Amino acid sequence: MKVLVVGKGGREHALVWKLTQSPRVERVYAAPGNPGMAQTATCVPINADLDVSAGAELQHEIARLRDFALAEDIELTVVGPESSLAGGLVDVFNAAGLKVFGPTAAAARLESDKAFAKDLMARTGVPTAEYRTFTDSARAIAYVQEQGAPVVVKASGLAAGKGAIVCHTLKEATDAIQQLMDERVFGDSGATVVVEEFMEGEEASFFVLTDGTDFVPLVSAQDHKPILEGDQGPNTGGMGAYAPAPVMTPTLIEATENRIVRPVLAGMRDGGCPFQGVLYCGLMIDDSGPRVVEFNCRFGDPEAQVILPLLETDLAEVLAAACDGRLATLKIGNSTGAAVCVVMASGGYPGPYEKGKAIHGIDTVDGRDGVMVFHAGTARKDGQLVTSGGRVLGVTAAAPDTAAAVKRAYAAADRISFEGAYYRRDIAYRALARR
Ligand code: AMP
Ligand code: GLY
């Protein structure tokens, strides 16, 4: 089978890496891909990994990718980024009779339209924070003054993971509302704002692969969004992740499946937009059980980098089964081991940073001792591998347990270098503290 992976980051490199291992996959294409993926896949210079605000350009790239898939007889397309999904890539591929793993634009609203997701949860009784939706900033401000702090203010649309603002004071909440709604710092994503209750607890990410009706769970994970150790400082795209997340006990997993996954999938079917793809449940766990922080409509980045190495089933087969509505007939296996991903970032990230720094040492660790180095922001310049983004590499290791995986991942990261490289030293600290 010929498979196409859409995207250019670490998550997509992990997908390519896993799909390459499938005996039924003869060739993997990545669009646009990156130098890491180019080691095993054919990179195609078509970029449908653009912001939804790119509008006509995104649609143009999606149409080019469809034409490529038709011409090359691609049998399965796997979509990484949410923007391609919200932009309707799956709708366009479906209309051309192409098999594609991921939700339609209407179903991707679970992520791209937070107001839609909150309303669906309210209708189907899914536990989540209390909320109100606003299209008028004065009303939103009046509401937060009535509610008091802490409170969370969220842009309803996509904002590259930065649209949720946890406000500890009323001043912060008022400022956040003004920035999102009046100043439009995230463009039209802030036209509608969701104001919600601040939830206490421990966060975890739970993923299921679904055909819209049946689903199979993957191992749970936890990511580290803040730039600094101890989860301090501004949020990033993700500075590391580990799986499994010990906070997700078998009882909590069952509760998540029954109280969250089943009702949401049923609600999506009832609403005429069945959800096929990866349902990513961002959860807050406390004594009352799991509550939804957010849904995403795709694999997490960097969670995919730790979940996929633990999957013991042929990924191409499971994804094709999800596309064909055959998941009920499939069982998947997950390793009992653990995986840890340490993200090496450019100095200065998530603020301004320099690019084009030569990267050394990957070959001394990649593929040895359970280590996989997934590329996120890399490029080739005159034959030399250089940095080209904020998050540069996801140095990942699998091992029988989390402590061993942490050791392997850091031993590998310490042997890789580029000028200004920064990485957190405490990835997986919550899991280690629980032992
Ligand atoms: P989101 O983009 O919705 O995932 O939010 C980003 C981060 O903000 C989450 O990972 C949480 O750490 C935090 N967050 C969002 N909503 C809430 C909430 N209602 N209560 C507490 N923390 C939240
Ligand atoms: N790791 C967070 C995300 O993928 O949204």
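Because the structure is predicted, anything quoted here is derived from the model rather than measured. Start at 1 and go down the list; that is how both ligands and their atoms are numbered.
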Participant: Against heavy atoms of Glu303, which atoms of ligand 2 measure under 4.0 Å?
Facilitator: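 Those qualifying, in numeric order: 1 (N), 2 (C), 4 (O).
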Participant: Any side-chain heavy-atom pair from Arg184 and Ser189 closer than 4.5 angstrom?
Facilitator: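 They are not in contact (no side-chain heavy atoms under 4.5 Å apart), so the answer is no.
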Participant: Which is it for Arg298 and Glu82 under the salt bridge (charged side-chain N to carboxylate O under 4.0 Å, His left out) test, yes or no, and what are the steps along the way?
Facilitator: CA-CA 6 Å; Arg298 37 120 193 132; Glu82 62 273 21; 3.0 Å; yes
Participant: Suppose I only count heavy atoms of Lys114 and a 4.0 Å limit; which atoms of ligand 1 are within that range?
Facilitator: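 Per the distance check, 2 (O), 3 (O).
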Participant: Taking 4.0 Å as the limit for heavy-atom contacts, which would you say applies to Met239 with ligand 2: side chain only, backbone only, both, or neither?
Facilitator: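 For Met239, no heavy atom sits under 4.0 Å from ligand 2.
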Participant: Out of all atoms in ligand 1, which are within 4.0 Å of some heavy atom of Met284? Include the element for each.
Facilitator: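 Near Met284, meaning under 4.0 Å from one of its heavy atoms, ligand 1 has 21 (C), 22 (N).
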Participant: I'd like to know if the side chain of Asp51 pairs up with that of Ser83 as donor and acceptor (distance under 3.5 Å, no hydrogens or angles considered).
Facilitator: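 Absent: no donor and acceptor within the cut-off.
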Participant: Please compare Glu294, Lys154, Glu111 and report which has the shortest non-hydrogen distance to atom 16 (N) of ligand 1.
Facilitator: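 Looking at heavy atoms only, Lys154 sits closest to atom 16 (N) of ligand 1.
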Participant: Would you mind listing which atoms of ligand 1 come within a distance below 4.0 Å of any non-hydrogen atom of Val152?
Facilitator: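 Per the distance check, 16 (N), 17 (C), 18 (C), 19 (N), 20 (N).
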Participant: By the definition side chain to side chain donor-acceptor pair (under 3.5 Å), identify the one residue from Glu294, Glu196, Lys118, Glu197 that meets it with Thr128.
Facilitator: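 Going through Glu294, Glu196, Lys118, Glu197 one by one, the side chain to side chain donor-acceptor pair (under 3.5 Å) with Thr128 is satisfied by Lys118 alone.
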Participant: Could you tell me which atoms of ligand 2, counted from 1 in the order shown, lie closer than 4.0 angstrom to a heavy atom of Asn296?
Facilitator: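 So the answer, numbered in order with elements, is 5 (O).
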Participant: Any nitrogen or oxygen of Asp301, main chain or side chain, under 3.5 Å from a nitrogen or oxygen of ligand 2?
Facilitator: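 There is such a contact, yes.
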Participant: Within less than 4.0 angstrom of ligand 1, does Glu200 place any heavy atom?
Facilitator: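 No; Glu200 lies far enough from ligand 1 that no heavy-atom distance drops under 4.0 Å.
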Participant: Just let me know how Asn235 lines up against ligand 1, side chain, backbone, both or neither, with a heavy-atom cut-off below 4.0 Å.
Facilitator: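 Asn235 to ligand 1: no contact under 4.0 Å from either part.
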Participant: Number the atoms of ligand 1 from 1 as they appear, then name those within less than 4.0 Å of a heavy atom of Phe198, with their elements.
Facilitator: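 Listed by number with element, the hits are 20 (N), 21 (C).
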Participant: Assess Arg66 against Phe93: is NZ or CZ under 6.0 Å from the centre of the six-membered ring, and within 45 degrees of the ring's axis?
Facilitator: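 No cation-pi geometry.
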Participant: Run the numbers for me: atoms of ligand 2, each under 4.0 Å from some heavy atom of Gly300, listed by number.
Facilitator: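 Here the atoms of ligand 2 in question are 4 (O).
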Participant: For residues Asp113 and Ser156, is any side-chain donor paired with an opposing acceptor at under 3.5 Å?
Facilitator: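 There is such a pair (donor and acceptor under 3.5 Å, judged by atom type) between the side chains of Asp113 and Ser156.
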Participant: May I ask you to decide if the ring planes of Tyr143 and Phe134 are parallel, tilted or perpendicular, using 30° and 60° as cut-offs?
Facilitator: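 Tilted, since the angle between the ring planes falls between 30° and 60°.
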Participant: Check whether the side chains of Glu303 and Tyr280 place a donor and an acceptor atom closer than 3.5 Å, and report yes or no.
Facilitator: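 Indeed, the side chains of Glu303 and Tyr280 share at least one donor-acceptor pair under 3.5 Å.
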Participant: Out of all atoms in ligand 1, which are within 4.0 Å of some heavy atom of Lys225? Include the element for each.
Facilitator: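 Those qualifying, in numeric order: 10 (O).
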Participant: Please tell me if the side chains of Thr256 and Leu283 come closer than 4.5 Å, counting only heavy atoms from C-beta onward.
Facilitator: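 Touching, per the 4.5 Å side-chain cut-off.
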Participant: What are the atoms of ligand 2, with element, lying closer than 4.0 Å to any heavy atom of Asp223?
Facilitator: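 What qualifies from ligand 2 is 1 (N), 2 (C).
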Participant: Under 4.0 Å from a heavy atom of Arg298: which atoms of ligand 2 are those, numbered in the order shown and with their elements?
Facilitator: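 The atoms of ligand 2 under 4.0 Å from a heavy atom of Arg298 are 3 (C), 4 (O), 5 (O).
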Participant: Mark the output for Arg11 as yes if a heavy-atom distance to ligand 2 is under 4.0 Å, and as no if none is.
Facilitator: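 It does not, in that no heavy atom of Arg11 comes within the 4.0 Å cut-off of ligand 2.
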Participant: Atom 21 (C) of ligand 1: which of Glu130, Arg291, Glu197, Met199 has the nearest heavy atom?
Facilitator: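 The nearest heavy atom belongs to Met199.
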Participant: Would you check if there is a donor-acceptor pair between the side chains of Ser22 and Asp314 at a distance under 3.5 Å?
Facilitator: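 Yes, Ser22 and Asp314 have a side-chain donor paired with an acceptor closer than 3.5 Å.
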Participant: Over 60° means perpendicular and under 30° means parallel, so classify the ring planes of Phe299 and Phe101, tilted if in between.
Facilitator: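 It falls in the tilted class, 30° to 60°.
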Participant: Which of the atoms of ligand 1 are close to Ala164, meaning less than 4.0 Å from one of its heavy atoms?
Facilitator: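 Listed by number with element: 1 (P), 2 (O), 3 (O), 5 (O), 6 (C).
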